[in-house]
Amino acid sequence: MTDNTEDPLGDIAESETVRPVKQATGNIPQAAPPYLRGLNPMQREAVEALDGPVLVLAGAGTGKTRVLTTRLGHLLARRKAYPGQILAVTFTNKAAREMKERIGQLIGGVVEGMQWLGTFHSIGAMILRRHAELVGLRSNFTILDTDDQIRLLKQLIEIEGIDDKKYPARLLAGLIDKWKNKGLTPDKVPAGDAFAYAEGKGTELYRQYQERLKVLNAADFGDLLLENLRLFQENPDVLKSYQERFQYMLVDEYQDTNVAQYLWLRLLAQGTKNICCVGDDDQSIYGWRGAEVDNILKFEKDFPGAKVVRLEQNYRSTPHILAAASGLISANETRLGKTLWTEAKEGEPIRVTGVWDGEEEARTVCDEIEALHQKGSKLSEIAILVRTSAQMRQLEERLITVAIPYQVFGGARFFDREESRDANAYLRVIAQQDDSLAFERIINKPSRKIGKTTVQTLHKLSRAEGCSLYAAAKSVVDSEELKPAARKAVANVLGMFERWRDQAKTLPPDELAEIVLDESGYTEMWQNDRSPKAPTKLDNLQELVRSIGDHDTLQGYLEHIALVTAIDKTSDGDQASLMTLHSAKGLEFDYVFLPGWEEGLFPSQRTMDESGLVGLEEERRLAYVAITRARKRVWISHVANRFINGSWLSALPSRFIEELPPEFVELEAEQGLYGGMGGSSFEEAHIDNSSYDSPGWQRMQRNKATQAGNKGPGFGQVIDDVGKLIVTNDPGAATYAVGDNVRHPKFGTGVISEVDGNKLLVEFEQGAKRVISSFVEPA
DNA sequence: ACCCCCCGAATTTTT
DNA sequence: TTCGGGGGGT
């Protein structure tokens, strides 16, 4: 297939771990190179099938990354290609970084020359910068983030006279994103789609938006791929040069690719057809962002004769965890189907706990973590994974209260902060003066007496001339259009930028940033600010300058912040992790806590409303991803009452709990959580370790056991009724009357003063408490 | 030009 | 509840 006649020299040094092997010339079997030893047969097959299209279906924890990196190492060792002839794309920077590191370890030393290992977007940007002029950009184009995108759209919407209350810019941004993800340029947007925004003006706005981007010399995230696609389609010679360059292609997380990425890959792969895609349809959780699981399903059609390798031996989790996850995911209709297995010894069942509310849930989770920690587990091996970031606060509060060191991944990002964005805006204008979004952001920050009217004038001019704001500003200072004061102010700003741009040629970026923040008066602005947030902002600015120092060039820094949003959190010390399910993909921990498994929250009501069954299946895959993060144990919990969006909702346990095969699950639910009285405040007794041996506890175990027989995991009686779960009171609960003496495992003995179904008001020694009947026993 | 209050909306998120 | 945006007031 490849006819590299010349020997792609070993600028990958021949190291001890990699012994370059000559291409086999006869049928003499070669001794396996050391890096192939220890791979299982399937893994080895995936590594050694170098030529032609290959699809690797890699289940969770089956050694996917190892296969990917070993395959790359094998390619290099076999001298199939120069490092610079291999295209290796990942979805996230994290994955790219990890791959780089591991290849480094494998072949010993730094991976020099593997310049085409990166995310879709970073590689897209790289290619686009090389040929920018062919798509109407200049090579120093700015990469806009979502925020810039929306601000630009807002301007266009306003000009069109569209009511942005009825049709918010966010909505249009979402649509444009969707179109770009599908590889649709404005002229290709289906007529039906266009009506999704402002009676069909969506397409026109999309067109205007694209035009404006060119004037601003800017590209949004979607463009990094879409414009690449256009570049290849309109310039066959350019496409051909890349087809020839990329002798081998490797794609990670293939199930997450969108149509644009798919088309891009398919164009490039038409050269050698040496493309290897690795993915797991069961872990596709980015459908809402345009990912097409179909890409993985139709791989064999697109690449006839493709070799398909399944990795099914799991090296991560216990059989219990694996079985529970497999059982759950088997409820999905649309999947290729895999059977994961493991040689690992039995572990402990998945524990499902039902409690009263979020506070108690947080307490329970943290108690459990504390216990693990005391038994010697490292906190860094413990993770709490939540469906939405709104769930994090309560958990954080508890973690802080009990002093468990923890780390939040994702969440509010450093570069998203106001002061970071402002500082970066200055730098962006220096690097690329036509970046009007950045220019507008800081033209009057700090205040320079350049008000709304002045900016409006600049806007009008820029629109009329089809030029950027900066260019408009330039021309306006030589005209009579503005009042003398305003004209002077604008001239002043331009003067500063001219000076800084000059200095940028010689100064390292962090020094430049310092000068800019100082001379612009931006730092001073915060120094004079009396609000309590000012000191933090100043600290952040310093931190920002420091991080700019990590880069050699201003361009390099700007590229970094545009494409690498998540900061590398150097985990200092032993910390537990708290993150969303989405950001947990690809990670693994010994112990995993999964709070908030309630209908409406998980599966998310919104997803189900918007995407129906497809959405539900994606949520289920998310649950599958969640469970398979764990090596040793999983705790799932749900609450009866959840505080969401400022109000209390009574919630039913997630249907996913029902779907876990009961034989791998251990239930630990308070009885009577779901019996009437919805919404009333009710002090709930909770189970703690000290009550495990109490009669109440034992009775609960018995109740549970009798229920387990007919319907698996349940809470009280669970009936499937027209797709809705209905939970009733536990019929077997003991009955009490006013005046009875009872004993509670936690509160001691007391007298019942009120009975309401299974809820009792009991006068204990320490005061009256409302408890659930299943928690007390006759005294 | 700035500040404050009220209203409405409210995943997931990488790039 | 909390955040952000817009409108109105100073």
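Basis for what follows: all heavy atoms, side chains included, without hydrogens, waters or symmetry-related copies. Letters go in sequence order (proteins before strands), and every chain restarts at 1.
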Tell me: [atom1] of [X] to [atom2] of [N], nearest whole Å?
{"X": "A/L601", "N": "B/dT11", "atom1": "CG", "atom2": "C1'", "answer": "9 Å"}
{"X": "A/E418", "N": "C/dG5", "atom1": "CD", "atom2": "P", "answer": "11 Å"}
{"X": "A/Q394", "N": "C/dT2", "atom1": "CD", "atom2": "C1'", "answer": "14 Å"}
{"X": "A/L144", "N": "B/dT14", "atom1": "CG", "atom2": "C1'", "answer": "16 Å"}
{"X": "A/D609", "N": "B/dA10", "atom1": "CG", "atom2": "P", "answer": "13 Å"}
{"X": "A/M392", "N": "C/dT1", "atom1": "CE", "atom2": "P", "answer": "22 Å"}
{"X": "A/I285", "N": "B/dT11", "atom1": "CD1", "atom2": "C1'", "answer": "13 Å"}
{"X": "A/Q456", "N": "B/dA1", "atom1": "CD", "atom2": "P", "answer": "12 Å"}

Going by ring centres under 5.5 Å and near-parallel planes (under 30°), is A/Y286 stacked on B/dT13?
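A/Y286 vs B/dT13: stacking no.
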
Is [X] touching bases, backbone alone, or none of the nucleic acid, heavy atoms closer than 4.0 Å?
{"X": "A/T146", "answer": "base"}
{"X": "A/S604", "answer": "base"}
{"X": "A/F643", "answer": "sugar-phosphate"}

Side-chain N or O of [X] versus OP1/OP2 of [N]: is the shortest distance under 4.0 Å?
{"X": "A/T119", "N": "B/dT14", "answer": "no"}
{"X": "A/N93", "N": "B/dT14", "answer": "no"}
{"X": "A/R393", "N": "C/dT2", "answer": "yes"}
{"X": "A/S389", "N": "B/dT12", "answer": "yes"}

Neighbour count above 12 (heavy atom, 6.0 Å) for A/E524 CD:
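No, not enclosed.
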
Within the supplied structure, the quantity of interest is the number of heavy atoms (other residues, nucleotides, ligands) at a distance under 6.0 Å from A/Q527 CD; does it exceed 12?
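Atom CD in A/Q527 is crowded, with more than 12 foreign heavy atoms closer than 6.0 Å.
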
Where does the angle between the aromatic ring planes of A/Y242 and A/W116 fall among parallel (under 30°), tilted (30 to 60°) and perpendicular (over 60°)?
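Answer is perpendicular, since the angle exceeds 60°.
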
Compare the minimum distances between each of [options] and the side chain of [X], then state the nucleotide with the smallest one.
{"X": "A/K154", "options": "C/dT2, C/dG6, B/dT15", "result": "C/dG6"}
{"X": "A/E610", "options": "B/dT15, B/dT11, B/dC2", "result": "B/dT11"}
{"X": "A/R387", "options": "B/dT12, B/dT14, B/dT15", "result": "B/dT12"}

Given A/D148, which of A/R428, A/K154, A/R212 fulfils the salt bridge (Lys or Arg N to Asp or Glu O under 4.0 Å) condition?
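The residue from A/R428, A/K154, A/R212 that satisfies salt bridge (Lys or Arg N to Asp or Glu O under 4.0 Å) with A/D148 turns out to be A/R428.
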
Just by distance, no angles: are the side chains of A/E598 and A/S654 close enough, under 3.5 Å, to form a donor-acceptor pair?
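No.
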
